[in-house]
Chemist: 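Attaching a single structure in structure tokens format; questions to follow.
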There are 2 protein chains.
Amino acid sequence: MSEETFTGKITIRDVAVRAGVALSSVSRVMSGHPDVSLAMRARVEEAVSTLGYEPDLIAQSLRSGSTRIIGFIIRDISNPLYALVARACEQELQRHGYSMILMNSDANIETESKNFQIMRRRRVDGVIASLVDEGDPSVKKSLISLNAAIVLLDREVKGIHTSAVLTNHYQGVYEATKHLIDAGHTKIGFVTGDENVYTTRNRMRGFKQAFGDIGKEIDESFLALGGFDAEYAFVHTHNLMTSQPRPTALMTGGISSTWGALRALKEIGLKVGEDLAFVALDEWPLFDIFSPEISCVYRDARTIGAESAHMMLQILKSGVQKKLIIETKFTARFSSGGGL
Amino acid sequence: MSEETFTGKITIRDVAVRAGVALSSVSRVMSGHPDVSLAMRARVEEAVSTLGYEPDLIAQSLRSGSTRIIGFIIRDISNPLYALVARACEQELQRHGYSMILMNSDANIETESKNFQIMRRRRVDGVIASLVDEGDPSVKKSLISLNAAIVLLDREVKGIHTSAVLTNHYQGVYEATKHLIDAGHTKIGFVTGDENVYTTRNRMRGFKQAFGDIGKEIDESFLALGGFDAEYAFVHTHNLMTSQPRPTALMTGGISSTWGALRALKEIGLKVGEDLAFVALDEWPLFDIFSPEISCVYRDARTIGAESAHMMLQILKSGVQKKLIIETKFTARFSSGGGL
DNA sequence: CAAAATTCCAGAATCGGTTCCATTATGAGT
DNA sequence: ACTCATAATGGAACCGATTCTGGAATTTTG
């Protein structure tokens, strides 16, 4: 009685002593090994429940080589889209007995590299990541030396075969651009991150295709593909919209970019849906209370999160790697009118 | 050469062999123990760098008893305020060699309880948590049996002394309410979560105080304190604003509540700042591009995150527990006008 | 009823480190 | 030169589990 009250940490040893059996027998009972008699099972279970024994996951990890931890590396969890992905992913992992270690790379390739190193040293079973820059030479090394399962989020690394959840931005952006072109726009600004990631390249494909359809080239001077952060979008939206000639329509890729751009437009005094046509790529849950309503290309973040977890679990269980494409959908609202 | 290329995992043993010294010596060099000669240090370091040895954190954890992992349990990471807290916290922990395991309790007391159990079994060094319900009997047990450092976010648990980062909601809500009362409002609706958490109780104190100042009691029928989720806020805002008599002003506590309430108002067709005065408790980063602009009570999420990490590190280092109060600030904008 | 097969369990090795202890080599003190 | 303190090192125990091996007890078989 008094022992149970005061003992700091109950180990398998304590259980073995209490039940009067060997360590190995306790282990067998706990893991459901067949070589266990009914009497043995009963004795051990009695001891386990009265002592309140809970196996130590650290010790199990060391011995088994599996930590049941999945790393999750993204640019910034405070981006609502990533937050939704992370949440859905974590729930799904939790359900299968895995925990998630979260790290923000902060759009910094060195931070990301360190994150991978820590994941490696922590011996995580896998990493789900949205890389800062697919092309950086350090990335390939990080992924290989990680020595764990990998699922990429909207990324492709040349020369390495990994599972990935990709988004069909192409379709949504194509439709959005076509929508603008059909309305009469040809001077369309585009503010988003660098082409060193799949996301931007895939979006640009859709953008170019829509122009190609009418036999036109895009005007490079209306492009600002330098960063996903709000600050970059703010500055370049400001520049674009105060230059001559200025775009009559604007697309922004990523929620932070959209935020930065909308701030710039507000400061300049341009009203979306009136003074210019505006389309956001990636929708954010609270967009629906915006006024005027924002036209956007939607993708389901929850599905992305849940599917990335599934793919991870599948690799861990059966080694099967695959790519999954998530569809996007353009919805025209008030903001993509006007501007002409 | 060929060994280095093919070997799967390099252990301290490999290093010891390569350097021709004992395991314990390698360990001493790695940990910076003083009992190491210059020659020894050089030999070991040579071996370490040519083999690319990295100590295994699992093994270190098992032996040392410290995992250098901090658990982070919140209702929902997709709440932007929590996301900002988590991000700042993670950065600060990372900087000091700690990693963060993230878990969403999903506003569910049982999920939260399981989360604590897993944290315990993973032997995390500490947990930073925003509890679902301070009063639930299981919570106290969870916290005690966790056997780790604890920092609570905006929570107080009776009978347990823990560190905590608290917010002075009182002041901000008091000012906001006074602002509405001064404008002539007496029928003020309040939609937020349950009083089983410090956050709501502290907010209600400010709310009541402002009424007390003018010798009035609050009207309980305008209160809806049942949940922080958007759905609850949507339903109860709808109810409140379509009943007779209806409030002329509305306050919502928490970003999800604000979202749900704004959706309901939009659906009903009531314009904030005109048809009713509106104040949001908790501001989120993208508020600034809203139109009309929302009056709100602000608290700095980044500071909360960074400070919670600091407090955690301090407990771990020196065992010092303390409470910290974060101030709030009410800013009147367009939305809190009108309604009369 | 003896031999063979089965069932069940204890003991030891192992995962990859850290740390205590004993031992040897070195230098200082007288 | 001899003792004593000090510095540096190797060896072994240990953290808390899992799993392999071998043997005892029990059951099946000829």
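Numbers restart at 1 for each chain; the letters A, B, ... are given by sequence-line order, proteins then strands.
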Chemist: Does the dG11(C) base have a donor-acceptor partner in the side chain of S24(A) within less than 3.5 Å?
Modeler: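 Flag set: donor-acceptor pair detected.
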Chemist: Mind checking if R123(A) touches a base, just sugar-phosphate, or nothing, with heavy atoms under 4.0 Å?
Modeler: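 The residue R123(A) makes sugar-phosphate contact but no base contact.
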Chemist: Between the side chains of R123(A) and D56(B), is the shortest nitrogen-to-carboxylate-oxygen separation below 4.0 Å, so that they form an ion pair?
Modeler: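 The answer is yes: the pair qualifies as a salt bridge.
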Chemist: Taking N and O atoms by type only, does the side chain of R28(B) place a donor or acceptor under 3.5 Å from a partner on the base of dG10(D)?
Modeler: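 Answer is yes: a donor-acceptor pair is held.
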Chemist: Through what angle, rounded to 10 degrees, does the axis of the helix from dC1(C)-dG30(D) to dT30(C)-dA1(D) turn between its ends, using five pairs per end?
Modeler: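 End axes: 50° apart.
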Chemist: Among V157(B), I160(B), V127(B), I128(B), whose side chain to side chain contact (heavy atoms under 4.5 Å, CB included) with L152(B) holds?
Modeler: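 In the set V157(B), I160(B), V127(B), I128(B), the residue that makes a side chain to side chain contact (heavy atoms under 4.5 Å, CB included) with L152(B) is V157(B).
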Chemist: Checking side-chain polar atoms at under 3.5 Å, does S37(A) have a donor or acceptor matched by the opposite partner on R41(A)?
Modeler: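 There is no such pair between these side chains.
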Chemist: By the 4.0 Å heavy-atom rule, please label V26(B) as base, sugar-phosphate, or nothing.
Modeler: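 No contact at all - V26(B) keeps every heavy atom at 4.0 Å or more from the nucleic acid.
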Chemist: Base, sugar-phosphate alone, or nothing: which one does S37(B) contact when heavy atoms must sit under 4.0 Å apart?
Modeler: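 Result for S37(B) = sugar-phosphate.
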Chemist: Nearest heavy atom decides the nucleotide; on that basis, is Y53(B) or S25(A) closer to the 5' end of DNA chain C?
Modeler: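 Checking each residue's closest nucleotide, the 5'-ward one belongs to S25(A).
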Chemist: Any ion pair linking R120(A) and E54(B) (charged N to carboxylate O, less than 4.0 Å)?
Modeler: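 Yes, E54(B) and R120(A) are salt-bridged.
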Chemist: Is the distance from OP1 or OP2 of dG16(D) to the nearest side-chain N or O of T11(A) less than 4.0 Å?
Modeler: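 Indeed not, no polar side-chain atom of T11(A) lies that close.
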Chemist: Have a look at R41(A) and say if it touches a base, only the backbone sugar-phosphate, or nothing, with a 4.0 Å heavy-atom cut-off.
Modeler: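 R41(A): no heavy atom of the nucleic acid under 4.0 Å.
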Chemist: Would you call R75(A) and D106(A) a salt bridge, using N to O less than 4.0 angstrom?
Modeler: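 A salt bridge is absent here (no side-chain N lies under 4.0 Å from a carboxylate O).
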Chemist: Categorize D56(A) for me: base, sugar-phosphate, or nothing, with a 4.0 angstrom heavy-atom threshold over every strand shown.
Modeler: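 Contact class for D56(A): sugar-phosphate only.
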Chemist: Could E92(A) and R95(A) be called an ion pair, given the rule that one side-chain N must be under 4.0 Å from one carboxylate O?
Modeler: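 R95(A) and E92(A): salt-bridged.
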